[in-house]
Amino acid sequence: MAAATGLLGTDGQVRPTIFAEMSALANRTGALNLGQGFPDTDGPAQVARAAADAILAGHNQYPPGAGIPALLDAVAAHQRRCYGLELDPADQVLITTGATEAIAAAVMALVGPGDEVLTLEPFYDSYAAVIALAGAVHTTVALVPGPGGFRLDETALRAAVTDRTRLILLNSPHNPTGTVLTRAELTSIAAVAREHDLLVVTDEVYEHLTYGATHVPIATLPAMAERTLTVSSSGKSLSFTGWKIGWISGPATLVTAVRTVKQFLTYVSGAPFQPAVAGALVDPQVAAWVADLAASLSRRRDLLCEGLERAGFTVVVPQGTYFVLADAAPLGFDDGAALCRALPALAGVVGVPASAFTRSGSATDAALASWIRFTFVKQTQVLTDAVERLGRWATTGRAGGAP
Ligand SMILES: *Cc1c(COP(=O)(O)O)cnc(C)c1O
């Protein structure tokens, strides 16, 4: 059964993800790790202090199944303040073990064998795995690179929907492209969802990490709140990715369905972190800290993008998230995965091939074969060093072309 989902290798061993493989390579070679997307600086000290205080104050046993009331209230207040979305914290919000569990539980709750789940492609790697675990069929619509970024084409979207499509699993701001879907793109998606009576699960973990572009939750579009589950998390916004406090919100019937699955995945988690995140979500000082983080990331984005371009990559400048996709084809490399395995030795830098986010054999897989994802959620000095190493490799070390 598990083997049939493709999650196990043929030898029955756990197959390491490309992220783990690349991080191990970085550790082994001392290369600068711009592969895995986790911050190398922690979130606000007062939020960390609140979690430490919560442990000492005895918040160490199972919290309520839906999450602690203060956090349910804080998520509802956040959605109202930021987007004008009205949610009843009593039955329209659920706290989860990161966005990852929210997405997994939602997919398992809403689809089964024979159903199709449509995602953008490239896509965050857990999507394909949970769709497979649910026994459903994964279909995709491409985000296509151009001068305006990686964009969604409405004709392609319509062509990707069939009478078996049940769910659109969306992600904006989008990892790995950095696309922030425009209101026009979201309006097309919403129209398709309404016409075909589809549910939408939207992964908005980078909602606060945008650079000039405005993040529009699809739940705010006309008649979409009733068919949309919105997912987010404290990991990316607060730079506490290890805390794994996420949430999902939407219509009570759908949230109840998700909770039914969630209670048999982890039941609950993060007792002392929940009050800390609850406080953070309603604290204007923390909101200012997050805005500063976005401003700082925007500068770090420019530093990395300009350096990659100087080294000879073609770069599509991201409008959100903390990733950039760069094409190595102009440098003479058509296999991004091979280049990623060689790059630590060649240049002392680690990235992740875009193929980690595509379905092998798809049109997007072919189109992005020579692309690499780099993260800029690293300290400025690390990015400066990485850019310098890549530049040196590109100008002096690349004689002969092939790795
Ligand atoms: C990091 C990430 C997640 C996982 O979030 P957690 O809260 O750590 O589970 C989900 N979706 C995307 C697009 C991400 O980049």
Side-chain angles (χ1 to χ4, degrees), residues 17-20 23 34-40 42-43 47 51 67 71 75 78 93-108 117 119-131 133 140 143 150 168-181 200-210 215 217-218 229-249 258 262 265-266 268-270 273-274 276-277 280-281 290 293-294 297 301 318-325 352 354 356-358 373-378:
T17 68
I18 187 81
F19 307 96
S23 286
L34 306 190
Q36 217 164 14
F38 59 89
D40 56 0
D42 277 348
V47 182
L71 183 51
V75 170
H78 173 274
V93 183
L94 174 67
I95 306 308
T96 56
T97 305
T100 306
E101 187 194 36
I103 294 160
V107 168
M108 288 186 211
V117 179
T119 73
L120 304 171
E121 189 176 4
F123 49 80
Y124 184 64
D125 63 327
S126 83
Y127 299 176
V130 295
I131 293 166
L133 285 171
T140 67
L143 288 176
F150 281 82
I168 299 178
L169 173 50
L170 208 59
N171 172 213
S172 181
H174 181 263
N175 176 6
T177 63
T179 293
V180 178
L181 291 174
V200 175
V201 172
T202 174
D203 174 351
E204 304 185 354
V205 297
Y206 297 100
E207 61 187 321
H208 296 302
L209 304 183
T210 59
H215 167 63
I218 195 167
L229 283 167
T230 303
V231 173
S232 195
S233 151
S234 59
K236 308 296 160 61
S237 296
L238 295 179
S239 293
F240 287 122
T241 58
W243 288 12
K244 298 295 283 189
I245 300 296
W247 48 86
I248 186 164
S249 62
V258 176
K262 185 259 185 303
L265 292 177
T266 59
V268 292
S269 59
F273 301 119
Q274 291 196 28
V277 173
L281 283 180
V290 176
L293 171 65
L297 281 170
R301 171 197 67 166
Q319 306 163 302
T321 77
Y322 36 61
F323 302 106
V324 53
L325 280 182
V352 174
F357 310 92
T358 60
R373 190 194 75 171
F374 295 100
T375 182
F376 47 91
V377 72
K378 302 295 170 191

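Atoms within each ligand, like the ligands themselves, are counted from 1 in listed order. Sequential numbering from 1 along the given sequence is applied to the chain's residues.
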How does [X] reach ligand 1, if at all, at less than 4.0 Å between non-hydrogen atoms: by side chain, backbone, both, or neither?
X      : answer
Asn171 : side chain
Lys236 : side chain
Lys244 : side chain
Asn175 : side chain

Let me see the working for Thr96 and Val231 under side-chain contact (heavy atoms from CB on, under 4.5 Å), right down to the final yes or no.
CA-CA 10 Å; Thr96 56; Val231 173; over 6 Å; no

Phe38 six-ring centre to Lys378 NZ/CZ under 6.0 Å and within 45° of normal
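Relative to the ring axis of Phe38, which defines the angle, Lys378 lies inside both limits.
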
Considering distance alone, does some N or O of Thr97 sit under 3.5 Å from an N or O of ligand 1?
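Between Thr97 and ligand 1, no N or O pair is found under 3.5 Å apart.
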
Trp243 and Val277: which non-hydrogen atoms are nearest, and at how many Å?
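Minimum heavy-atom separation between Trp243 and Val277: CE3-CG2, 4.0 Å.
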
Consider side chain to side chain contact (heavy atoms under 4.5 Å, CB included). Of Leu229, Asp203, Ile95, Val93, which one does Ile248 pass it with?
Leu229

Could you check [atom] against the protein and tell me its nearest heavy-atom contact, residue, atom and distance included?
atom                    : answer
atom 15 (O) of ligand 1 : Tyr206 OH, 2.7 Å
atom 9 (O) of ligand 1  : Thr100 OG1, 2.6 Å
atom 13 (C) of ligand 1 : Asp203 OD2, 3.3 Å

Examine the side chains of Ser126 and Thr100 and answer whether a donor and an acceptor come within less than 3.5 Å of each other.
no

dist Met108:CE -> Ile131:CD1 (nearest 0.5 Å) comes out at 11.0 Å

Which residues satisfy the side-chain hydrogen bond (donor to acceptor under 3.5 Å, both in side chains) test with Gln274, sequence neighbours excluded?
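If we apply the side-chain hydrogen bond (donor to acceptor under 3.5 Å, both in side chains) test to Gln274, skipping adjacent residues, there are no hits.
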
Could you list the atoms of ligand 1 found under 4.0 angstrom from a heavy atom of Ala99?
5 (O), 6 (P), 7 (O), 9 (O)

Could you work out, for atom 7 (O) of ligand 1, the closest of Ala102, Gly37, Ser233 by heavy-atom distance?
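The residue whose heavy atom sits nearest atom 7 (O) of ligand 1 is Ser233.
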
